[in-house]
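Both backbone and side-chain heavy atoms feed into the values below; hydrogens, waters and symmetry mates do not.
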Amino acid sequence: MPEIEPHHAYTVVVIRTDHTNDAAWTDVMAELAKPWGPADDRPAIVLLVDDPAWADAEPDDIVAAARHDAHTFVLFVADPHTMGCDDHALLALDPRYDEEDPDPIDIASPRAFRILPAATHNVQANLADANLFFAEFARVAHADPDGVLRC
C-alpha cells in the first residue's frame, strides 16, 4: 500500500477503496468538507486518499499501512458499502487495536464500526484529545439499529 502523507492529529483521513461510483464519492467529499462542531464553526480538516492503488484493500492491509503514524487514531474507509448505501456510511478502523490486549467491551467487532461522514470530525477530535476511546464509539455504533454512528 502507498504511504499516507503526513498529517495533523485532527485531520480526518479517508481512504477510498471503491472506485465504482464517482457520484457517491462526490457526495462523501461534500459531507466531509462541511464545518462541524456545536455551532458548525470548526473547519473541516480532511486528507482524502483517492489513489487506485488502494482499490479493494482489506481492513488489515489498511491498518498495517498506517500503523506507523503517531497521528493516526482512526482511519475512515470509503468502501463498496459506503458507495452503495444512501447515507454513505464510512468504515472506521482502529489502527491501534491490539488483538493481544483487546478493549474490554462485549461487541462483535471492537476494531471497526460504520460512521456517517458528518460524524468523523467529532470522533477524530475526541480520539486525538484522548477524551474518548475508539471502543466507546464502536459500542454506540453497534447499538444503533443500523450499526452506524450518527453523532
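Judged by distance alone, the side chain of Gln124 and the main-chain N or O of Ala9 form a donor-acceptor pair under 3.5 Å. No side-chain donor-acceptor contact under 3.5 Å links Asp61 to the backbone of Ala57.
If you chain together ILVMFWY residues whose side-chain heavy atoms come under 4.5 Å of each other, Val148 ends up grouped with Leu116. Residue Trp54 shares its hydrophobic cluster (ILVMFWY side chains chained together at separations under 4.5 Å) with Met1, Ile4, Val13, Ile15, Leu47, Val49, Ile62, Val63, Leu75, Val77, Leu91, Leu93.
Remark: Thr120 pairs with no residue by the side-chain hydrogen bond (donor to acceptor under 3.5 Å, both in side chains) rule, at least two apart or across chains. Residues satisfying the side chain to side chain contact (heavy atoms under 4.5 Å, CB included) criterion with Ala141, sequence neighbours excluded, are Phe113, Leu149. Taking the side-chain hydrogen bond (donor to acceptor under 3.5 Å, both in side chains) definition, one finds that Asp86 meets it with nothing, sequence neighbours left out. Residues meeting the ring-ring contact (aromatic ring centres under 6.0 Å, His included) test with Trp36, sequence neighbours left out: His121. With sequence neighbours left out, Asp144 forms a side-chain hydrogen bond (donor to acceptor under 3.5 Å, both in side chains) with Arg150. With sequence neighbours excluded, the residues satisfying side-chain hydrogen bond (donor to acceptor under 3.5 Å, both in side chains) with Thr20 are Asp18. Every residue meeting the side chain to side chain contact (heavy atoms under 4.5 Å, CB included) condition with Cys85, not counting sequence neighbours, appears here in chain and number order: His81, Asp87, Ala89.
The shortest distance between side-chain heavy atoms of Val14 and Leu32 falls below 4.5 Å. Annotation: side chain of Arg111 is in contact with side chain of Pro59 (closest heavy-atom distance under 4.5 Å).
The structure places CZ of Phe73 at 10.5 Å from OG1 of Thr11, a figure rounded to the nearest 0.5 Å. Going from atom OG1 of Thr26 over to atom CG of Asp22 covers 6.5 Å, rounded to the nearest 0.5 Å.
Within the structure, salt bridge (Lys or Arg N to Asp or Glu O under 4.0 Å) contacts touching residues 113-128 (residues at least two apart or in different chains) are Asp79-Arg114. Residue pairs meeting the salt bridge (Lys or Arg N to Asp or Glu O under 4.0 Å) criterion with at least one member in residues 40-58, sequence neighbours excluded: Arg16-Asp50. Legend: ring pair (Phe, Tyr, Trp, His ring centres under 6.0 Å) pairs involving residues 2-34, not counting sequence neighbours, sorted by first then second residue: His8-Tyr10.
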